[in-house]
Amino acid sequence: MSSVPVAVVTGSNKGIGLAIVRGLCKQFPGDVYLTSRDPGRGQAAVAQLQQEGLQPLFHQLDIDDLQSIRALRDFLKEKYGGLNVLVNNAGIAFKVHDTTPFAVQAEVTLKTNFFGTRNVCTELLPLMKPYGRVVNVSSMVSSSALGGCSQELQQKFRSDAITEDELVQLMTKFVEDTKRSVHQQEGWPNTAYGVSKIGVTVLSRIQARLLNEQRKGDHILLNACCPGWVRTDMAGPKATKSPDEGAETPIYLALLPSSADAPHGQFVSNKTVRPW
Ligand code: NAP
């Protein structure tokens, strides 16, 4: 078994994820895994970074596929005996003018952004080594979408006592409510992406709390973040940040020094803790 530290970035064959891998290859003292659901796109991205003189490793990972997540989990367990850095970056967004019915957009978006990310956490968080760092890439849109929720929902999503099961029930209810076209009546904002990212931010708060309760002595720090508005296939060419600039906050959180005890369980953008 290798004692080399190991970092994994989900959805890193392009965009912000690729830039996070680039930055970690330069700064993280260990093996860095670029992962992609499509091995061809993943290997092409590895080749691109190799051309830049970097040495990322590759592993397949489709966060929508539990078998794929478990294969990565078993690989990490066997080769490294755990994991030091996990960046949950993979995500999707329908374009604003996409005509796919809203209920379908809700189901598909929540499936990857919330349920897929949660499944990765369920399988990989138990592998985190002491002083491990976990970064869940959310979005400022989670904050604006929270503001668009009913007072009752806002209270639930801001609660320091909400459980993971309760969060899963709420995310499931959103999808069901969109199918019956009652989501706005039920207090939801009209954004599937926004609700999926509320899920990511609240999940991060819950997971950080669980780490405090169950693994306090391990000094693991887990946070959600917004990368900013970044020029990628998702956000388009008008966005203000380059992918490398968008990677700065996720990399900062992934490399918090072992002496740090904060931030933890926070929502961070531009390397600054934001109110939730
Ligand atoms: P992007 O260029 O579209 O890249 C998304 C990445 O996620 C791609 O590598 C994609 O792989 C991967 N992915 C999607 N579904 C996946 C799945 N089921 N399993 C594994 N990988 C999957 O988007 P981006 O702008 O870099 O976004 C990265 C993250 O930042 C997302 O979570 C996004 O919500 C968040 N974010 C972005 C912005 C922005 O302005 N760009 C702002 C706030 C937050 P494929 O190539 O196979 O599709």
Side-chain angles (χ1 to χ4, degrees), residues 8-23 33-46 48-49 56 58-73 86-96 98 105 107-121 123-124 134-145 191-201 203-204 223-251 253-254 267-270 274:
V8 168
V9 184
T10 72
S12 46
N13 54 283
K14 67 177 184 179
I16 299 163
L18 178 63
I20 295 171
V21 169
R22 176 185 290 118
Y33 279 83
L34 184 155
T35 67
S36 170
R37 55 182 162 182
D38 180 86
R41 286 197 288 273
Q43 296 292 2
V46 166
Q48 184 188 332
L49 292 182
F58 176 72
H59 203 284
Q60 193 273 346
L61 176 65
D62 181 346
I63 72 165
D64 290 344
D65 176 357
L66 202 48
Q67 271 194 329
S68 166
I69 298 172
R70 288 182 173 155
L72 175 63
R73 175 201 64 189
L86 170 63
V87 183
N88 280 303
N89 164 81
I92 60 160
F94 283 83
K95 301 288 179 214
V96 178
D98 194 305
Q105 294 198 20
E107 183 153 42
V108 171
T109 306
L110 272 280
K111 181 180 170 170
T112 299
N113 293 5
F114 177 71
F115 292 102
T117 299
R118 173 176 182 254
N119 285 341
V120 173
C121 290
E123 300 300 331
L124 297 191
V134 182
V135 185
N136 294 331
V137 180
S138 183
S139 168
M140 287 304 272
V141 176
S142 70
S143 296
S144 51
T191 158
Y193 180 78
V195 171
S196 76
K197 292 299 190 179
I198 290 177
V200 173
T201 303
L203 182 67
S204 308
N223 292 284
C225 71
C226 177
W229 190 31
V230 184
R231 290 186 295 277
T232 62
D233 288 348
M234 182 181 287
K238 290 190 185 143
T240 47
K241 286 187 180 182
S242 69
D244 287 334
E245 288 167 338
E248 283 177 14
T249 291
I251 290 171
L253 292 171
F267 177 60
V268 179
S269 83
N270 281 331
R274 305 290 169 187

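No hydrogens, no waters, no symmetry mates; every other heavy atom, side chains included, goes into these values. Both ligands and their constituent atoms are indexed starting at 1 by order of listing. Nothing here was measured: the structure is a model prediction, and the numbers come from that model.
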Undergrad: With heavy atoms of G15 as the reference, note each atom of ligand 1 found under 4.0 Å away.
TA: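 The atoms of ligand 1 under 4.0 Å from a heavy atom of G15 are 2 (O), 26 (O).
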Undergrad: Relative to atom 13 (N) of ligand 1, which among A247, P250, A235, A90 owns the nearest non-hydrogen atom?
TA: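 Comparing heavy atoms across A247, P250, A235, A90, the nearest one to atom 13 (N) of ligand 1 lies in A90.
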Undergrad: Taking heavy atoms and a distance under 4.0 Å, where does K197 meet ligand 1: side chain, backbone, both or neither?
TA: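 The side chain, only.
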Undergrad: Is it the side chain (CB and beyond), the backbone, both or neither of I92 that lies under 4.0 Å from ligand 1, heavy atoms counted?
TA: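 Answer for I92: side chain.
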Undergrad: Does ligand 1 have any atom sitting under 4.0 Å from a heavy atom of A19?
TA: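 No, A19 has no heavy atoms under 4.0 Å from ligand 1.
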Undergrad: Write out the residue and atom name of the closest protein heavy atom to atom 28 (C) of ligand 1, then the distance separating them to 0.1 Å.
TA: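 Here the nearest protein heavy atom works out to N89 OD1, 3.1 Å.
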Undergrad: Taking both backbone and side-chain atoms of R41, is any N or O found less than 3.5 Å from an N or O belonging to ligand 1?
TA: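 Right, the criterion is met.
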Undergrad: Without swapping roles, check the side chain of N113 against the backbone of I92 for a donor-acceptor pair under 3.5 Å.
TA: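 Here the side-chain-to-backbone pair exists.
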Undergrad: Pick whichever of T232, N13, T35, D233 has a heavy atom sitting closest to atom 25 (O) of ligand 1.
TA: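 Nearest option to atom 25 (O) of ligand 1, by heavy atoms: T232.
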Undergrad: With only distance considered, is V230 within less than 3.5 Å of ligand 1 through an N or O on each side?
TA: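 Yes: some nitrogen or oxygen of V230 is under 3.5 Å from one in ligand 1.
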Undergrad: Could you tell me which atoms of ligand 1, counted from 1 in the order shown, lie closer than 4.0 angstrom to a heavy atom of D64?
TA: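 Near D64, meaning under 4.0 Å from one of its heavy atoms, ligand 1 has 18 (N).
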Undergrad: Have a look at S139, S36, G228 and point out the one with the heavy atom closest to atom 42 (C) of ligand 1.
TA: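 Result: the heavy atom closest to atom 42 (C) of ligand 1 is in G228.
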Undergrad: Look only at interatomic distance and state if G11 has a nitrogen or oxygen under 3.5 Å from any nitrogen or oxygen of ligand 1.
TA: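 Between G11 and ligand 1 (N or O atoms, distance only) the closest approach is under 3.5 Å.
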Undergrad: With rounding to the nearest 0.5 angstrom, report the CZ to OG distance, R274 to S142.
TA: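 Reported value, rounded in 0.5 Å steps: 12.0 Å.
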Undergrad: Are the side chain of T232 and the backbone of G15 linked by a donor-acceptor contact shorter than 3.5 Å?
TA: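 Answer holds: no.
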Undergrad: Nearest 0.5 angstrom please: N136 CG to K197 NZ, how far?
TA: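 Interatomic distance, N136 CG to K197 NZ, rounded to 0.5 Å: 9.0 Å.
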Undergrad: Under 4.0 Å, heavy-atom basis, I'd like to know which part of N113 is in contact with ligand 1: side chain, backbone, both or neither.
TA: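 For N113, no heavy atom sits under 4.0 Å from ligand 1.
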Undergrad: Counting both backbone and side chain atoms, is some N or O of T112 under 3.5 Å from an N or O of ligand 1?
TA: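 So ligand 1 has no N or O lying under 3.5 Å from an N or O of T112.
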Undergrad: Looking at V137, which atoms of ligand 1 are within less than 4.0 Å of one of its heavy atoms?
TA: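 Near V137, the atoms of ligand 1 are 29 (C), 30 (O), 32 (O), 35 (C).
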Undergrad: For the backbone of V137 and the side chain of N89, can you confirm whether one donor and one acceptor N or O come within less than 3.5 Å of each other?
TA: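 Side chain of N89 to backbone of V137: no pair is present.
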Undergrad: Looking at CD of Q48 and CG of L34, how far apart are the two atoms once the value is rounded to the nearest 0.5 Å?
TA: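 It is 9.5 Å, given to the nearest 0.5 Å.
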Undergrad: Among Q60, K111, M234, which one puts a heavy atom closest to atom 23 (O) of ligand 1?
TA: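 It is M234 whose heavy atom sits nearest to atom 23 (O) of ligand 1.
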Undergrad: Below the 3.5 angstrom mark, is there an N/O of W229, backbone or side chain, next to an N/O of ligand 1?
TA: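 No: no nitrogen or oxygen of W229 is under 3.5 Å from one in ligand 1.
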Undergrad: Taking heavy atoms and a distance under 4.0 Å, where does P227 meet ligand 1: side chain, backbone, both or neither?
TA: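 Answer for P227: side chain.
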Undergrad: Who's the nearest protein heavy-atom neighbour of atom 34 (O) of ligand 1, and how far?
TA: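 So the nearest neighbour among protein heavy atoms is Y193 OH, 2.6 Å.
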Undergrad: Under 6.0 Å from the NZ atom of K111, do we count more than 12 heavy atoms belonging to anything else shown?
TA: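 Counting neighbours around NZ of K111, 12 or fewer heavy atoms of other residues, nucleotides or ligands fall under 6.0 Å, so no.
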Undergrad: Heavy atom to atom 19 (N) of ligand 1, shortest distance: which of D38, I63, T10 holds it?
TA: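 Result: the heavy atom closest to atom 19 (N) of ligand 1 is in I63.
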Undergrad: Distance check, rounded to the nearest 0.5 Å: L72 atom CG versus E123 atom CD?
TA: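 CD of E123 is found 10.5 Å from CG of L72.
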Undergrad: Nearest 0.5 Å please: distance from the CZ atom of F94 over to the OG1 atom of T109.
TA: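 Result: 5.0 Å between the selected atoms.
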Undergrad: Give the atom numbers and elements of ligand 1 that come within less than 4.0 Å of a heavy atom of L61.
TA: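 Atoms satisfying the 4.0 Å criterion: 19 (N), 20 (C).
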Undergrad: Does Q60, at its CD atom, have more than 12 non-hydrogen atoms belonging to other residues, nucleotides or ligands within less than 6.0 Å?
TA: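 Atom CD in Q60 is packed in, count exceeds 12.
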Undergrad: Between I16 and ligand 1, is there a nitrogen or oxygen pair with a distance under 3.5 Å?
TA: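 Yes; the residue has a nitrogen or oxygen that sits under 3.5 Å from a nitrogen or oxygen of the ligand.
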Undergrad: What protein heavy atom lies closest to atom 18 (N) of ligand 1? Include the residue and the distance to one decimal.
TA: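 Closest protein heavy atom to atom 18 (N) of ligand 1: D62 OD1, 3.0 Å.
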Undergrad: Working note: F58 + S36, criterion side-chain contact (heavy atoms from CB on, under 4.5 Å); need CA distance, chi angles, decisive distance, verdict.
TA: CA-CA 8 Å; F58 176 72; S36 170; 3.9 Å; yes
Undergrad: What protein heavy atom lies closest to atom 44 (C) of ligand 1? Include the residue and the distance to one decimal.
TA: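 So the nearest neighbour among protein heavy atoms is S138 O, 3.2 Å.
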Undergrad: So for atom NZ, which belongs to K238, do other residues, nucleotides or ligands contribute more than 12 heavy atoms lying within a distance under 6.0 Å?
TA: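 Check fails, neighbour count at 12 or below.
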Undergrad: Assess the residue pair R22 and L49 against the criterion (side-chain contact (heavy atoms from CB on, under 4.5 Å)); give the C-alpha distance rounded to whole Å, side-chain angles, the decisive distance to 0.1 Å, and a yes or no.
TA: CA-CA 7 Å; R22 176 185 290 118; L49 292 182; 3.8 Å; yes
Undergrad: Within the distance-only criterion (no hydrogens, no angle test), does the side chain of S204 pair as donor or acceptor with the backbone N or O of N223 below 3.5 angstrom?
TA: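 The answer is no, because no donor-acceptor pair under 3.5 Å joins these two groups.
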Undergrad: I want to confirm something. Looking only at heavy atoms, which of R37, K14, M140, K241 is nearest to atom 16 (C) of ligand 1?
TA: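 The residue whose heavy atom sits nearest atom 16 (C) of ligand 1 is R37.
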Undergrad: Tell me: protein heavy atom nearest atom 5 (C) of ligand 1, and distance?
TA: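 So the nearest neighbour among protein heavy atoms is G91 O, 3.6 Å.
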Undergrad: Just verifying a value: how many Å separate N13 CG and T10 OG1, rounded to the nearest 0.5 Å?
TA: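 Reported to 0.5 Å precision, the distance equals 10.5 Å.
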